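The structure under discussion appears below in the form of structure tokens.
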Amino acid sequence: MDHTVGTVPPLRPPGFARFPGENPQRTLSSEISAHLEKLIAVGELRPGDRLPAERELATVLGVSRASLREAMHELEAKHLIERRPGRGTSVLPAPEHVTRLYERISDAEHQLRDIAELRATVEPKLAELAAGRATTAHLAELENVLRRPVAELSPEESLRLDLEFHLLLAAAADNPLMSAITTLTSSWTSATRVLSHATRYAREVSYLGHRAILAAVTRGEAAEAREAMARHLAEVAALTRDGFDEVRR
């Protein structure tokens with residue numbers, strides 16, 4: 001049954017300032033869209049959830065209604081939300097053909113393989129694009145995700161920040177279609193990705209991989225960013241397989 005979401009997390013931490021020299025309208029609408037996509041991907045906004053009214057949501061996020069409206073158009077085009085006159089805006093479930101495809105994956109080991117192959121196909125290219133397109137605001141948001149020491153993170157918190165890092169990187173690549181794929185795969189893979197955050201060692205490997213990717217993106221080194229992402233995904237796939245083997249014993 002549909003229900004209205006009580007609260008939506010703010011767009012930026014208190015005191016987060018915009019950087020000079022950026023296109024405010026375009027960057028802000030993309031930032032709003034990426035923020036809401038992230039909430040959908042990590043399950044904070046679920047299928048059937050109804051978002052607050054436009055005026056209220058704009059106030060919560062601290063943005064203009066014009067920027068919010070543009071972001072909503074983008075999310076609607078990706079079939080992540082549905083807007084109906086008189087009924088408001090609701091989060092949509094994954095498309096039926098995608099759900100059927102995912103439900104047919106019954107063998108756990110094949111699922112791990114399929115996930116690894118999908119991510120290895122899409123995410124290195126996103127890192128490469130982000131190296132050429134990330135704004136100062138994107139880089140600041142990515143850095144903010146990595147600010148906490150690994151030793152302080154629980155497996156659940158580490159997983160949440162992992163998903164957030166990859167979604168923000170996809171937003172920085174500025175390719176809405178590829179970003180939509182990343183949002184969808186994030187919602188698919190969170191159940192298996194938790195295996196790569198089960199130990200302190202695994203969380204450190206993940207964190208160092210993110211650091212290497214961000215360093216290359218910050219320097220604008222597209223090929224290096226792509227290679228850093230490919231290495232990171234290979235390490236994560238190995239950790240996930242190890243975690244799966246441990247659970248199965």
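Bear in mind the structure is a predicted one, so any value in this text is a computation, not a measurement. Side chains included, hydrogens not; waters and symmetry mates left out as well; all remaining heavy atoms used.
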[X] (side chain) donor-acceptor with [Y] (main chain) under 3.5 angstrom:
| X | Y | value |
| --- | --- | --- |
| R133 | A173 | yes |
| H73 | E70 | no |
| R226 | A223 | no |
| T121 | E117 | yes |
| R203 | H197 | yes |
| S179 | N175 | no |

From [atom1] ([X]) to [atom2] ([Y]), nearest 0.5 Å:
| X | Y | atom1 | atom2 | value |
| --- | --- | --- | --- | --- |
| T89 | D49 | OG1 | CG | 12.5 Å |
| E141 | L168 | CD | CG | 5.5 Å |
| H79 | L92 | NE2 | CG | 9.0 Å |
| E123 | M178 | CD | CE | 9.0 Å |
| L36 | T183 | CG | OG1 | 10.5 Å |
| L45 | L51 | CG | CG | 6.0 Å |

Closest approach of [X] to [Y] (non-hydrogen atoms, all atoms of both residues):
| X | Y | answer |
| --- | --- | --- |
| P155 | A198 | CG-O, 4.4 Å |
| P52 | L57 | O-CB, 4.1 Å |
| L75 | S33 | CD2-OG, 3.5 Å |
| A58 | L68 | N-CD2, 3.7 Å |
| A222 | A131 | CA-CB, 3.6 Å |

Identify whether [X] and [Y] are in the same connected component of the hydrophobic contact network (ILVMFWY, side-chain heavy atoms under 4.5 Å).
| X | Y | result |
| --- | --- | --- |
| M72 | V63 | yes |
| V145 | L126 | no |
| Y201 | V236 | no |
| L142 | L167 | no |
| L139 | F165 | yes |

4.5 Å side-chain heavy-atom contact, [X] and [Y]:
| X | Y | value |
| --- | --- | --- |
| S67 | I32 | yes |
| E227 | E221 | no |
| V91 | R46 | no |
| E235 | S206 | no |
| M229 | K125 | no |

(message) Would R84 and R50 count as a side chain to side chain contact (heavy atoms under 4.5 Å, CB included) here? Give the steps.
(response) CA-CA 11 Å; R84 289 186 179 180; R50 205 162 43 241; over 6 Å; no
(request) Could I get the full list of side chain to side chain contact (heavy atoms under 4.5 Å, CB included) partners for E157, not counting sequence neighbours? (result) R148, L153, S154, R160, L161
(message) Looking at K78 and E74, is there a salt bridge between them, counting it only when a charged N and a carboxylate O are closer than 4.0 Å?
(response) yes
(message) Looking at R211 and E143, is there a salt bridge between them, counting it only when a charged N and a carboxylate O are closer than 4.0 Å?
(response) yes
